[in-house]
Amino acid sequence: MARKFFVGGNWKCNGTSEEVKKIVSILNDGKVASADVVDVVVSPPFVFLPLVKSSLRPEFHVAAQNCWVKKGGAYTGEISAEMLVNLDVPWVILGHSERRLLLSESNEFVGDKVAYALSKGLKVIACVGETLEQRESGATMDVVAAQTKAIAERISDWTNVVVAYEPVWAIGTGKVATPAQAQEVHSELRKWLQTNVSAEVAASTRIIYGGSVSGANCKELAAQPDVDGFLVGGASLKPEFVDIINAATVKSAA
């Protein structure tokens, strides 16, 4: 089953109105692979979502970087899934390692968030990944499987889920998992889905890679059979994001 390439740009906590307009302008002017070859989703900070949504080329979509675990109410500082739906924001990133580590979001909490967001009609980029200590102790698959299991136990329909494997040691560090390292974890993750969810979900669910993806390394990573795209951090704020989107042609030409 052919899986459509997916490229997400996580802008994190960056940008001013002027900088955001500049990034959108670069994306709008970029020559990119057609929408039948690649899905492109960019994730600006909450405050810029309406600006980006209203000015971005129509075949690109927007994602929020997080949302609350239940319906809105007395949760100061939180944004509910319902609010995102109300603004026609189709996607949300959940379980990013920065939130797991800095804000102590547990596997269970992330699983609850994913289930709630899906129940409200959002599509989810669900992030998993190990720290350097976990990798060096040989625990990579145990960690990634536990993170994925907490999601699998709470949802039954994977149609609107993209899994992002982001080795924490490679995020923003300039260290990149080698194509072989990325492929190994993606392949093991797909096997885990086959054993614990279903063969159909394993074959159809897109597993994308994140962790210092750049214009220089994206084609080699994209050529790996189980790498279905990227979740890009710092490089998504630069013109090279267009090159990363076009790595999709590596897959479509294969």
With side-chain contact (heavy atoms from CB on, under 4.5 Å) as the test, would you mind laying out the steps for L189 and T148 before giving the verdict? CA-CA 8 Å; L189 198 42; T148 310; 3.4 Å; yes
Residue pair F230, I245: steps toward the side-chain contact (heavy atoms from CB on, under 4.5 Å) verdict: CA-CA 9 Å; F230 306 114; I245 294 168; over 6 Å; no
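- Within the 4.5 Å cutoff, no side-chain heavy atoms of K238 are placed close to those of I26.
- Here the straight-line distance linking atom CE of M83 with atom NZ of K71 works out to 10.5 Å at 0.5 Å rounding.
- Using a 4.5 Å cut-off between side-chain heavy atoms of Ile, Leu, Val, Met, Phe, Trp and Tyr, with links allowed through other members, F46 and L231 fall into different hydrophobic clusters.
- Residues N107 and K149 bring no donor and acceptor atom of their side chains to less than 3.5 Å of each other.
- K4 and A35 make their closest contact through NZ-O, 2.6 Å (heavy atoms, listed as atom of the first residue, atom of the second, distance).
- Looking only at atom types and distance, the side chain of T131 has a donor-acceptor partner in the side chain of E133 under 3.5 Å away.
- N28 contributes a side-chain N or O that, together with a main-chain N or O of S55, makes up a donor-acceptor pair within less than 3.5 Å.
- In summary, D88 and K53 do not engage in a salt bridge, as defined by a charged side-chain N under 4.0 Å from a carboxylate O.
- At least one side-chain heavy atom of F241 sits less than 4.5 Å from a side-chain heavy atom of V40.
- Here the side chain of D228 pairs no donor or acceptor atom with the backbone of R3 at under 3.5 angstrom.
- Atoms CG and NE2, from D39 and H61 in turn, are 6.5 Å apart once rounded to the nearest 0.5 Å.
- Taking all atoms of both residues into account, the shortest heavy-atom contact from W158 to V197 is NE1-CG1, 3.5 Å.
- L193 is connected to I155 through a chain of hydrophobic side-chain contacts under 4.5 Å among Ile, Leu, Val, Met, Phe, Trp and Tyr, so both are in one cluster.
- I151 contributes atom CD1, which lies 10.5 Å from atom CG of D112 (distance to the nearest 0.5 angstrom).
- How far CD of E108 is from CD of E153: 8.0 Å, rounded to the nearest 0.5 Å.
- Between F6 and W91, the gap from one ring centroid to the other is short of 6.0 Å.
- With hydrogens and angles ignored, the 3.5 Å screen pairs a side-chain donor or acceptor of N246 with a backbone N or O of A33.
- Remark: D226 CG to K191 NZ distance equals 9.0 Å, nearest 0.5 Å.
- When all heavy atoms of L221 and P179 are compared, the pair lying nearest together is CD2-CA, 3.8 Å.
- Side-chain N or O atoms of S43 include one that pairs as donor or acceptor with a backbone N or O of A63 at under 3.5 Å.
- The two atoms that bring C218 and V213 nearest to each other are CB-CG1, 4.2 Å, heavy atoms only.
- A donor-acceptor contact shorter than 3.5 Å is absent between the side chain of E78 and the backbone of Y75.
- In this structure, V38 and V32 have side chains that are not in contact, with every pair of non-hydrogen atoms separated by 4.5 Å or more.
- Linking Ile, Leu, Val, Met, Phe, Trp and Tyr residues whenever their side-chain heavy atoms come within less than 4.5 Å places V47 and V24 in a single cluster.
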Take V163 and V128 through the test side-chain contact (heavy atoms from CB on, under 4.5 Å) and record every step on the way to the result. CA-CA 7 Å; V163 177; V128 299; 4.1 Å; yes
Take I93 and N66 through the side-chain contact (heavy atoms from CB on, under 4.5 Å) test and state the conclusion after the steps. CA-CA 5 Å; I93 298 171; N66 178 47; over 6 Å; no
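- The closest side-chain heavy-atom distance from V162 to I208 is below 4.5 Å.
- A donor-acceptor pair shorter than 3.5 Å cannot be found between the side chains of H96 and E105.
- At least one side-chain heavy atom of T173 sits under 4.5 Å from a side-chain heavy atom of S212.
- When only modelled atom types and interatomic distance are considered, E82 and Y116 share a side-chain donor-acceptor pair under 3.5 Å.
- Note that the CG atom of L56 and the OG atom of S25 stand 11.0 Å from one another [nearest 0.5 Å].
- Hydrophobic clustering places V201 together with V185 (ILVMFWY residues linked when any side-chain heavy atoms are closer than 4.5 Å, directly or through intermediates).
- Of the charged side-chain nitrogens involved, at least one lies within less than 4.0 Å of a carboxylate oxygen, so that K12 and E98 count as a salt-bridged pair.
- In terms of heavy atoms, C67 sits closest to A117 at SG-CB, 4.2 Å.
- Under a cut-off of 6.0 angstrom, the local environment of CD in E220 is sparse, with at most 12 non-hydrogen atoms contributed by other residues, nucleotides or ligands.
- The main-chain N or O of A180 is never found under 3.5 Å from a side-chain atom of Q183 such that the two would form a donor-acceptor pair.
- At least one side-chain heavy atom of W11 sits less than 4.5 Å from a side-chain heavy atom of I23.
- Q147 contributes a side-chain N or O that, together with a main-chain N or O of G129, makes up a donor-acceptor pair within less than 3.5 Å.
- The shortest side-chain heavy-atom distance between L122 and L84 falls under the 4.5 Å cut-off.
- Counting heavy atoms from C-beta on, the side chains of V242 and I244 never come closer than 4.5 Å.
- In this structure, A64 and V89 approach most closely via the heavy-atom pair N-CG1, 3.8 Å.
- Formation of a donor-acceptor pair under 3.5 Å by the S97 side chain with backbone atoms of R100 is not found in this model.
- Side-chain atoms of R190 come within 3.5 Å of backbone atoms of A202 as a donor-acceptor pair (strictly under, hydrogens ignored).
- Within 6.0 Å of atom CD in E184, 12 or fewer heavy atoms from other residues, nucleotides or ligands are found, so the atom counts as exposed in its surroundings.
- With hydrophobic clusters built from ILVMFWY side chains whose heavy atoms lie under 4.5 angstrom apart, L51 shares a cluster with V62.
- Side chain to side chain, E130 and W169 meet the donor-acceptor criterion of an N or O pair below 3.5 Å.
- For the pair Y209 (side chain) and P167 (backbone), a donor-acceptor distance under 3.5 Å is absent.
- A salt bridge between K22 and E18 is absent, with no side-chain N of the basic residue lying under 4.0 Å from a carboxylate O of the acidic one.
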